[in-house]
Amino acid sequence: MEPPVPRFIEAHGARIPLVGLGTWDLRGRTCARIVEQALRLGYRHIDTAQLYENEREVGEGLRASGVRRDDVFLVTKIWPSHFSPPELERAARDRLVWLRVPDVDLLLLHWPNPRIPLAETIGALCKVKREGLTRHIGVSNFTVAMLDEANALTTEPLVCNQVECHPFLDQSKVLAACRRHGMAMVAYSPIARGEAKGDPVLARIGRAHRKSAAQVCLRYLVQQGIAVIPRTSKLDRLVENAAIFDFVLSETEMAEIAALARPDGRVVNYAYSGAPSWD
Ligand SMILES: NC(=O)c1ccc[n+]([C@@H]2O[C@H](COP(=O)([O-])OP(=O)(O)OC[C@H]3O[C@@H](n4cnc5c(N)ncnc54)[C@H](OP(=O)(O)O)[C@@H]3O)[C@@H](O)[C@H]2O)c1
């Protein structure tokens with residue numbers, strides 16, 4: 001019998017729930033309602049961003065759920081056009097105003113911005129953490145080389161790198177770099193924007209476990225200690241996406257799923273202009 005997968009990943013003192021709710025593209029009432037429902041169902045990790053223009057609704061959903069703020073791991077991100085130190089500080093404060101919270105759990109740099117020296121941006125990120133605007137800091141869409149650079153520059157621990165990650169994309173090098181730095185890896189687009197649900201290999205493995213292809217896909221990631229933040233606007237899928245802790249994929253099944261990776265497997269291609277490639 002395999003040991004059970006813990007429900008959290010620990011990184012530099014941050015305790016990140018392995019399953020969270022992504023909120024990209026959720027707007028208005030739909031966003032507030034799905035955040036509220038997710039929290040009522042037991043989700044304790046919500047992912048938003050300055051870019052998504054839904055932080056006000058995420059905050060509304062949080063308050064409507066009745067779940068204590070301190071019981072939720074709340075993540076937001078700053079867009080790279082705000083990476084000069086004065087702008088980053090202003091943007092960090094604005095996040096709290098929109099969310100109507102005194103602090104967030106994790107504040108991320110959304111994409112690298114090669115036009116502004118990373119030392120300056122990381123310095124400002126550390127400063128807002130020391131000032132108590134966020135409990136933890138981290139990055140998103142950082143390559144292996146950028147992770148090394150960021151970790152050499154920072155004075156506060158970077159707890160995670162949030163990157164696109166699902167069976168159709170091999171992120172093993174980035175995962176190894178995260179582990180080397182004691183960082184968590186958080187998988188965005190973890191069901192490849194819905195592509196996983198139509199995959200015959202994931203569906204076949206799912207039938208053997210009485211699970212959907214999407215659940216197999218998410219399980220494949222959490223079984224490696226990777227946190228996942230699937231996004232849905234549907235209540236039944238909220239339940240489905242969290243019900244992944246009651247089955248175990250065998251080594252053979254894990255290898256079969258890993259073999260689905262392909263060079264053009266990426267589904268998110270809006271790299272911030274000038275960002276270097278991942279390879
Ligand atoms: N840091 C970054 O640069 C970055 C980039 C992209 C995304 N993200 C974050 O990661 C989150 C998740 O990524 P994502 O939204 O790109 O993609 P995703 O979660 O992989 O896929 C979302 C799509 O899959 C569908 N879906 C959800 N659960 C399903 C299920 N059980 N079966 C079948 N289809 C299902 C959803 O449709 P329905 O709504 O109809 O269920 C939606 O169309 C985002 O919302 C955002 O918070 C971060």
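Because the structure is predicted, anything quoted here is derived from the model rather than measured. Just follow the structure's listing: the first ligand is 1, and inside any ligand the first atom is 1. All values below were derived from every heavy atom in this structure, side-chain atoms included, with hydrogens, water molecules and symmetry-related copies excluded.
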- Item | Pair R180-D148, salt bridge (charged side-chain N to carboxylate O under 4.0 Å, His left out): steps then yes or no | CA-CA 9 Å; R180 191 156 41 78; D148 291 342; 3.1 Å; yes
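Distances from atom 34 (N) of ligand 1 to the heavy atoms of E195, R237, K234, Q215 show the closest one on R237. Among W111, Y188, Y52, W79, the residue whose heavy atom lies closest to atom 46 (C) of ligand 1 is Y52.
Under a 4.0 Å N-O distance rule, the pair K211/E253 does not qualify as a salt bridge. Under a 4.0 Å N-O distance rule, the pair D70/R135 qualifies as a salt bridge. Classification of E240 and K197 as a salt-bridged pair fails, no side-chain N sitting under 4.0 Å from a carboxylate O. With respect to R69 and D105, a salt bridge is recorded, a charged nitrogen being found less than 4.0 Å from a carboxylate O. The pair E131-R93 meets the salt-bridge criterion, since a charged nitrogen lies less than 4.0 angstrom from a carboxylate oxygen.
Heavy atoms of H166 found under 4.0 angstrom from ligand 1: none, in either backbone or side chain. Within the 4.0 Å heavy-atom criterion, both parts of R193, backbone and side chain, lie near ligand 1. Looking at K197 against ligand 1, only its side chain comes within 4.0 Å, counting heavy atoms. With a 4.0 Å cut-off on non-hydrogen atoms, N141 touches ligand 1 through its side chain and not its backbone. Of the heavy atoms in N241, only side-chain atoms (C-beta onward) come closer than 4.0 Å to ligand 1. Counting heavy atoms under 4.0 Å from ligand 1, residue A49 does not touch it at all.
Looking only at distances, a side-chain donor or acceptor of T134 sits under 3.5 Å from a matching main-chain atom of L107.
Remark: ligand 1 atoms within the under-4.0 Å shell around heavy atoms of P230 are 19 (O). Near W24, meaning under 4.0 Å from one of its heavy atoms, ligand 1 places the atoms 15 (O), 44 (C), 45 (O), 46 (C), 47 (O). Within the listing of ligand 1, atoms 9 (C), 10 (O), 11 (C), 12 (C) sit less than 4.0 angstrom from a heavy atom of I229. Distances below 4.0 Å separate heavy atoms of G194 from the following atoms of ligand 1: 21 (O), 23 (C), 24 (O). Residue T232 approaches ligand 1 through these ligand atoms, each under 4.0 Å from one of its heavy atoms: 27 (C), 38 (P), 39 (O), 41 (O). Under a 4.0 Å criterion applied to the non-hydrogen atoms of H110, ligand 1 contributes the atoms 1 (N), 2 (C), 3 (O).
Linking ILVMFWY side-chain heavy atoms closer than 4.5 Å, directly or via other members, places I78 and L118 in a single hydrophobic cluster. A continuous path of hydrophobic side-chain contacts links V186 to W79 [ILVMFWY only; heavy atoms under 4.5 Å].
Taking only nitrogen or oxygen atoms, main chain and side chain alike, S233 reaches within less than 3.5 Å of ligand 1. The shortest N or O to N or O distance between S140 and ligand 1 is under 3.5 Å. In terms of N/O distances under 3.5 Å, ligand 1 is not approached by A214.
No donor-acceptor contact under 3.5 angstrom links the side chains of H110 and Q50, judged on distance only.
Closest approach of E36 to A64, counting heavy atoms only: OE1-CB, 3.4 Å.
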